[in-house]
Amino acid sequence: MTANRTDGGHGGGESLTGRINHLFSIAGYRNHRGRWQTFGTGEAADLISRSEGRYGVRVSRSYLGMLRSGRYTNPSIAVVIALVRFVNDHLAEGHPEITVDWLTSGTTTAAPGTPAGHHTTGGADPADGLGALADRQVQHIALRAGRMTPELRDRLIAILDAMEETP
């Protein structure tokens, strides 16, 4: 079943900025008094950067702030994966895991019975939903596509779709 809702069932709106900001509303920790507390931008950037081995990137406070404000709207896939992993590591209790697909597009393909925007992982890391990105050729294609206009990306997607349909 394909979810066509633009918020992926999570809230956060249609824009990448809205979805990133939504992540900050669902990720946090229990403070010393046992109360749920969400992360601030600087705190999240510092935690991601200090755990570069886990998240794969260093993210500055200013860069993350610009993503949250909408000033930057085209983060690298490494930053997207790091954000998804970070949020999934710090989700509110009972909240289903976030997927890279939801963060990047606001929609996702979910298994039947699975809420839109979530997927079952069978123990796998949800951030690895784009596992092919480990392939250098795929990374190269993704980087080049990131520099294209939206119209050119649409044409590229149409070409890829046509190629997949060919036996």
Side-chain angles (χ1 to χ4, degrees), residues 2-27 38-91 96-110 116-119 121 125-164:
T2 301
N4 290 322
R5 291 179 45 179
T6 56
D7 69 359
H10 289 294
E14 295 181 14
S15 71
L16 176 64
T17 300
R19 290 188 298 274
I20 289 172
N21 284 315
H22 177 71
L23 296 181
F24 278 83
S25 72
I26 61 171
T38 57
F39 293 105
T41 303
E43 188 176 16
D46 291 347
L47 289 169
I48 291 169
S49 294
R50 281 197 303 251
S51 299
E52 188 176 357
R54 165 76 180 133
Y55 300 116
V57 295
R58 295 179 61 86
V59 179
S60 72
R61 291 169 168 231
S62 62
Y63 180 74
L64 190 53
M66 286 187 261
L67 284 173
R68 290 194 71 188
S69 72
R71 185 167 177 197
Y72 288 161
T73 58
N74 192 17
S76 71
I77 193 63
V79 169
V80 169
I81 289 171
L83 286 172
V84 169
R85 282 188 180 146
F86 176 77
V87 169
N88 284 334
D89 286 350
H90 299 93
L91 276 175
E97 290 183 324
I98 302 300
T99 64
V100 168
D101 187 34
W102 175 81
L103 182 57
T104 58
S105 68
T107 61
T108 189
T109 302
H118 310 293
H119 64 84
T121 61
D125 188 338
D128 290 335
L130 297 176
L133 284 169
D135 183 310
R136 285 225 178 275
Q137 287 178 314
V138 175
Q139 288 176 356
H140 181 73
I141 292 166
L143 288 171
R144 289 185 65 186
R147 293 189 299 259
M148 292 178 176
T149 65
E151 293 80 21
L152 282 176
R153 282 195 298 265
D154 287 343
R155 288 173 55 194
L156 178 60
I157 289 168
I159 292 168
L160 292 170
D161 287 345
M163 290 172 65
E164 285 178 349

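Enclosure of atom CZ in Arg58 is not indicated, since only 12 or fewer non-hydrogen atoms of other residues, nucleotides or ligands lie within 6.0 angstrom. Other residues, nucleotides and ligands contribute more than 12 heavy atoms inside 6.0 Å of the CZ atom of Arg153.
What you find for Ala44 and Phe24 is that their closest heavy atoms are CB-CE2, 3.6 Å. The heavy-atom pair separating Arg19 from Thr104 by the smallest distance is NH2-O, 3.5 Å. Considering every non-hydrogen atom in both Val59 and Val57, the closest pair reads CG2-CG2, 3.7 Å.
The side-chain heavy atoms of Leu103 and Leu16, taken from C-beta on, include a pair separated by under 4.5 Å. Side chains of Val79 and Leu67 form a contact here, defined as non-hydrogen atoms less than 4.5 Å apart.
Between the side chains of Thr17 and Ser15, no donor N or O sits under 3.5 Å from an acceptor N or O.
The distance from atom OH of Tyr55 to atom CD1 of Ile81, rounded to the nearest 0.5 Å, is 13.5 Å. Distance CD1/Ile98 to CG/Leu83: 11.5 Å, rounded to 0.5 Å. Rounding to the nearest 0.5 Å places CG of Leu152 at 11.0 Å from CD1 of Ile157. Rounded to the nearest 0.5 Å, atoms OG1 (Thr41) and CG (Asp46) are 10.5 Å apart. From Leu23, atom CG reaches atom OG1 of Thr38 across 12.0 Å, with rounding to the nearest 0.5 Å.
Side-chain N or O atoms of Ser69 include one that pairs as donor or acceptor with a backbone N or O of Met66 at under 3.5 Å. Not a single donor-acceptor pair under 3.5 Å links the side chain of Ser51 to the backbone N or O of Ile48. Without hydrogens or angle criteria, Arg61 side chain to Ala45 main chain gives no donor-acceptor distance under 3.5 Å.
In this pair, Phe86 and Phe39 present their aromatic rings tilted. The plane angle is within the 30 to 60° band. Ring planes of His22 and Trp102: perpendicular class, angle over 60° (limits at 30 and 60°).
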